[in-house]
Structure formats: structure tokens, C-alpha cells
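Only one structure is covered here, and it is reproduced in the block below.
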2 protein chains.
Amino acid sequence: MPTSTLPRSSDDRLDETFHALASSTRRAILARLATGDANVNELAEPFEMTLPAISKHLKVLERAGLITRGRRAQYRPCALDPEPLAAVADWTERYRTIWENRFDRLDDYLAQLPEPSPPTTPSETGSTDD
Amino acid sequence: MPTSTLPRSSDDRLDETFHALASSTRRAILARLATGDANVNELAEPFEMTLPAISKHLKVLERAGLITRGRRAQYRPCALDPEPLAAVADWTERYRTIWENRFDRLDDYLAQLPEPSPPTTPSETGSTDD
DNA sequence: CGTGTACTTTACCAACTGGTTGATTAACCA
DNA sequence: TGGTTAATCAACCAGTTGGTAAAGTACACG
């Protein structure tokens, strides 16, 4: 395996980041690492899962650049690297404005309504919806 | 298939949202929908993929709540619903602070350095970086 | 009616995931 | 040297994913 370090597009990297995050196990590992570095056994402890399974999850997180791994004696300490999350935040941000504009348009619509009929006159309101 | 609409945990829904976003095809569909609603054929047009494949992607996006679908004659118009992205933004935000604290700690470290050697003395600055 | 258009469903496939067990590597300790 | 601990590798398995082709459904139109 030549460990193909080909120049990945930002699309590919976003694919990889989102995929790595699409697992509550992996997100829990990241949450644990957010409190400080940890070895593989420490990371595996909360899960009802064998060590090789955790090892695989860590490899996914590492390939996505979300963690880095060192070597201290026979331990492989893992550290969080939230850098790829910046791209996630950027991507998400572009949709937040769209989301907010919906309410803006609704606000505009409500603002130009003829009369804010008081809630004491429940009749007359068009009940033939749909 | 009883369409199991079981009460999903927020973890499960985040899994589903991240999974739906972990495909550049699906993100491209969302980007297209960000410019306005569209039918399935319109959404499929930019891709070298058969219609059933797009249909499957749309189903993934729909299950994740990222799009809603209507019925107008034989058309099934799709509309973007960025609401689930709020949870993504929230999740990501918790790690942004960690990311920034790194630099804060670096700032603290730099701030407490003995002497901020002025830039007018270009010698003396350690040029033996790797 | 029948025919075309828009889309979904079904059945099938190869590839990938996510887990397992058992063997293996690597470093420390005695 | 040999044993223990930490972690990965290899092989395997069931279930899922992402695509296809072909058939089916739903609606409009002449």
C-alpha cells in the first residue's frame, strides 16, 4: 500500500471530515480528546467494543485530520486537531444566512400586514387553509 | 417496512445529518436548492448519474430533514430545509472555542516573553528554524 | 382511451463499513 | 531471556451504500 497522499480536492476533504463525524462513537472520542490527550486504551474504556474496533475509528479520525498521534514508549497518545472543523463551520455558515433570510422574509410579510387583529376576535380569520 | 418513526436521539439525528452531508453529490444538490426549489430532473441534470441514483440521494437528504418534498402534478419539487444544520453548527461551535484557546494560550505565552525584540534588528532573530 | 413525461420501486451488483477473533509487532520490566 | 502491556494487523463476516437496468406508478395531454 503506497499510502497514496494524492492532492485531495477540498470537496474530498469535506467528504472525509463529514464522514468521520457521522458516527457518535467517533464524535464521543473527539469529545473525550477535547478534555485532554489520551491513549488508545483510555479512549476505548467507555465503549463496549474491542480494541481493534477503536483502532479503526482512530484511523478514520486520523485520515480526516481530526486527530494526530504520537509515540511514547508502547503508547500511542492521541490529540485532538479541530482544524478541519473550520471547513465544516464555513460550509455550514453559508446555509445559516439562507435559514435566517426565511425568517426575515416572514418578518417582512408580517410587518406589512394590514392589521394585527387582536387575539380577542378569533372569528373572521380564514379557516379554509390548504 | 413500517417506516419506523421512532423517537431518535439527538446523537442519532446528528449521525444522520453528518452522513447525509458526507457526499459531495448531496452537498451539490443542497447548493443547487439554495438557489431555489427544483424538480428531480433539474437536480439530476448536472450529474452523470441515472435518475434512480439521484432519487436515492434525495431520500437520504429527506430522511435527514435537509430537504422537504411536495407534489405538483407529476413533479416532486424539492426545497431546502437547513434547520438540521443548526445542530451541526452548534456541535462544531463547541470545538471552535477549543481551537481558539490554543492560540489564546500561545498568545499568553508570547505576551509573557521577556523582550519583544523590535523588527529593526533583523539579526539575532533565530533563523535556525527547520 | 392511449401515449408521453416525471419519478419511484424493485432487484441486483460490487465495494465499503463496522464489528469480531486470533496472530503479530513493539516497548518496557524483571 | 522471557513475560507483560499497548496497540496494530490480517482475515473474516453481516449489513449498508451507491450505483445500475428494468419495471411500475401517477399525472397530463391529445
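So that the names make sense, note that chain A is the first sequence line, chain B the second, and so on, each numbered from 1.
When distances run from any side-chain atom of B:Thr50 to the nucleotides D:dA28, D:dA21, C:dT8, the shortest one goes to D:dA21. The nucleotide whose nearest atom lies closest to any side-chain atom of B:Met49 is, among C:dT21, D:dT20, C:dT8, D:dT20. Here the nucleotide nearest the side chain of B:His57, chosen from D:dT17, C:dC7, D:dG19, is D:dG19. Taking the side chain of A:Asn41 as heavy atoms from C-beta on, and the options C:dG18, D:dA7, C:dA27, the nearest nucleotide is D:dA7. Here the side chain of A:Lys56 is nearest to one of C:dG19, C:dG18, C:dT5, namely C:dG19. Comparing atom distances between the B:Gln74 side chain and each of D:dA7, C:dT5, C:dC28 picks out C:dT5 as nearest.
Taking atom CZ of A:Arg63 as the reference point, atom P of C:dC16 lies 11 Å away to the nearest angstrom. Between the CG atom of A:Asp15 and the P atom of D:dG18 there is a distance of 10 Å, given to the nearest Å. The interatomic distance linking A:Asp37 (CG) with D:dA6 (C1') rounds to 17 Å, in whole Å. Between the CD1 atom of A:Ile54 and the C1' atom of C:dT20 there is a distance of 13 Å, given to the nearest Å. Rounded to whole Å, the distance from CD on A:Glu16 to P on C:dC16 is 13 Å. Taking atom CZ of A:Phe47 as the reference point, atom C1' of C:dT20 lies 18 Å away to the nearest angstrom. The OH atom of A:Tyr75 sits 14 Å away from the P atom of C:dA27 (whole-angstrom rounding). Summarising the geometry, the separation between CG on B:Leu51 and P on D:dA22 is reported as 15 Å, rounded to the nearest angstrom.
Between the A:Arg27 side chain and the A:Leu21 main chain, a donor and an acceptor come within less than 3.5 Å of each other. With hydrogens and angles ignored, the 3.5 Å screen pairs no side-chain donor or acceptor of A:Tyr95 with any backbone N or O of B:Asp81.
B:Ala53 comes within contact range of at least one nucleobase, with a heavy-atom separation under 4.0 Å. A:Arg69 comes within contact range of the sugar-phosphate backbone alone, with a heavy-atom separation under 4.0 Å but no base atom that close.
With salt bridges taken as basic N to acidic carboxylate O contacts below 4.0 Å, none links A:Lys59 and A:Glu62.
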Checklist entry - After noting the C-alpha distance and the side-chain angles of B:Thr97 and B:Arg94, does the key distance pass the side-chain hydrogen bond (donor to acceptor under 3.5 Å, both in side chains) rule? => result CA-CA 6 Å; B:Thr97 55; B:Arg94 301 216 308 274; over 6 Å; no
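Taking 4.5 Å as the limit, some side-chain heavy atom of B:Met49 sits within range of a side-chain heavy atom of B:Ile54.
Within the 4.0 Å cut-off from OP1 or OP2 of D:dA7, not a single side-chain nitrogen or oxygen of A:Ser55 is found.
Take the nearest nucleotide of DNA chain C for A:Arg72 and for A:Arg26: the residue whose nucleotide is more 5' is A:Arg26.
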